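Just so you know, these numbers use all the heavy atoms, side chains as well, and skip hydrogens, waters and symmetry mates. From a predicted model like this one, the values you see are computed outputs, not experimental measurements.
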Protein chains: 2
Amino acid sequence: MAGAGGPAPTVAVDVAVFTVVSRALHLLLVQVQHGAFRGQWALPGGRVGLDESLDEAARRELAAQTGVGDVYLEQLYTFGSPQRDPQDRVVSVAYVALTPHDHPGNTRARTDAKKYAAVTWRRVSRLPPLAYDHQAVVKAALARLRAKLTYTNLAYNLLPRAFTLGELQEMYEAILGRRLDRRNFRKKIHSLGLLRPLARVRRGSHRPARLHAFQHRRPMIVEIL
Amino acid sequence: MAGAGGPAPTVAVDVAVFTVVSRALHLLLVQVQHGAFRGQWALPGGRVGLDESLDEAARRELAAQTGVGDVYLEQLYTFGSPQRDPQDRVVSVAYVALTPHDHPGNTRARTDAKKYAAVTWRRVSRLPPLAYDHQAVVKAALARLRAKLTYTNLAYNLLPRAFTLGELQEMYEAILGRRLDRRNFRKKIHSLGLLRPLARVRRGSHRPARLHAFQHRRPMIVEIL
DNA sequence: TCAAAAGTGTTGGAATTACACCCATGA
DNA sequence: TCATGGGTGTAATTCCAACACTTTTGA
């Protein structure tokens, strides 16, 4: 608990960043540059510095490796099996992060093509093999995401400012992996008073849909489903 | 993520062990032996070794410092603020542990008086000031415990093998901090089929109460309250 | 006029809450 | 006999799940 000791594990962070693109949940991956897993895909992350908190380290590594900033960030679980990294002993604090697809912070990962060549968004349903124990991390992150969507308003971190009720429902269906009854869904959302109808509508080759925004853009405990 | 680097935080574990003694929730504390917090009370814990997992480190430190073994153990959260330990940078993986009051593993903490002089069970409602950021750890541990009691059968880790329905209800009331309706509580517990009535009864200066045991002594997701 | 998504209520069943009296024992 | 906790059922309410048709627009 105090004083300097013998050999010790090092501390890293790994971040599972999710977003919803065209009705499908996507995960942000980077290509490993060094070591035994070189060339494989992995979660962005890296060593924790001496003078930064774990959250700060997660944000720093995420921005440095992918250009994605200003995400919702939540600590998930700490993975510390001695065998998880074959080279040396790394204890990794895993994070879940959420960001809207159209957010300026994450489009950078696509536009600055040279700098972020080894960065990609992949559909969660079609992930490549992942380095380290990152498949287990992603599995835990998905479970957390699914659970928290049902009893919090975290959805606001995945959608743009304005959206239709249909888009909100599609997002829930994409993440939870099941269909929801449209009438019951809207009834519930309305009764919770989470949303504010906007003046604008979204047009398409069908009846225009009213746009809505979240009343509050901060985490709240709300029983949604 | 790979290779050896510069100065790095060290990794420790801290364990918040709860039990229920005479209708009150208790927490296991140890006296700090070295450093700035010497003499103050703290959660048992210590450095993680190179060749052990985090769970193993938690069990090892718990047993070494308090003699308490064979507990239910669950990772809680990782605390990594640079200022949490004034001496050096320690990232601490916090655990919640549960054990029945009459369990052999924890009575050792009381009987081997010499070896475990600096170990004590304290009522959660009357905790002394704690070293490091352990007050925050305990707060998070309590929140986790309260939440999980309502949707899992973890209660079996806090009660002896055989108990009355009244004792089970008292345990819930002690931890959740609110009274429960006796008839509704029993109805719910019975309908879930979690318990097995035993032949024996508990006697007192009142009508004897039937003893029960948990049907399964392993973690299960069950909506209890 | 057609296709496509938006919008809207009701009903039956299930689950939850509130609530009061008698029972068996030891002192 | 009294004090103490053990044991039980019902009615009202709330919550949840199932279900279909009309509307508005662009093509």
Quiz item: So what does A:R210 touch, heavy atoms closer than 4.0 Å: a base, only the sugar-phosphate, or nothing?
Solution: sugar-phosphate

Self-check item: Partner residues of B:A94 under the side chain to side chain contact (heavy atoms under 4.5 Å, CB included) criterion, sequence neighbours left out
Solution: B:L76, B:F79, B:V137

Quiz prompt | Length of the line joining A:K188:NZ and C:dG7:P, which is rounded to integer Å | solution = 20 Å

Quiz prompt | With A:R123 via salt bridge (Lys or Arg N to Asp or Glu O under 4.0 Å) - residues at least two apart | solution = none

Quiz item: Can you tell me how far C1' of D:dG6 sits from CD1 of B:I189, to the nearest Å?
Solution: 16 Å

Exercise. Could you check how far CZ of B:F185 sits from P of D:dG9, rounded to whole Å?
Key: 18 Å

Practice problem: Considering only NZ, NE, NH1 and NH2 on the basic side and carboxylate oxygens on the acidic side, decide whether B:E52 and B:R60 come within less than 4.0 Å. | Solution: yes

Quiz item: How close or far is atom C1' of D:dG6 from atom CZ of B:R200, stated in whole angstroms?
Solution: 16 Å

Practice problem: Find the distance B:H190:NE2 to D:dG6:P and express it as a whole number of Å. | Solution: 13 Å

Practice problem: If a protein heavy atom is under 4.0 Å from the base, mark B; if only from the sugar-phosphate, S; if neither, -; do that for nucleotides 19-27 of chain C going 5' to 3'. | Solution: BB--BBBS-

Quiz prompt | Residue pairs fulfilling ring-ring contact (aromatic ring centres under 6.0 Å, His included) with at least one residue in residues 162-206 of chain A, sequence neighbours excluded | solution = A:F163-A:F214, A:Y172-A:F185

Quiz item: Quick one: B:L180 CG to C:dA18 P, roughly how many Å, whole number?
Solution: 11 Å

Self-check item: Set of residues satisfying side chain to side chain contact (heavy atoms under 4.5 Å, CB included) with respect to A:Q33, sequence neighbours excluded
Solution: A:Q31, A:A118

Quiz item: Rounded to the Å, how far apart are B:H212 NE2 and D:dG6 P?
Solution: 11 Å

Practice problem: Whole angstrom is fine here: how far is it from CD in B:E173 over to C1' in D:dG5? | Solution: 13 Å

Acceptor/donor pairs from residues 145-152 of chain B side chains to any protein atom, 3.5 angstrom cut, sequence neighbours excluded:
from   : atom 1 : to     : atom 2 : distance (Å)
B:R146 : NE     : B:I175 : O      : 2.6
B:K148 : NZ     : B:E74  : OE1    : 3.2
B:K148 : NZ     : B:E74  : OE2    : 3.2
B:T150 : OG1    : B:A147 : O      : 2.7
B:T152 : OG1    : B:K148 : O      : 2.5
B:T152 : OG1    : B:L154 : N      : 3.2

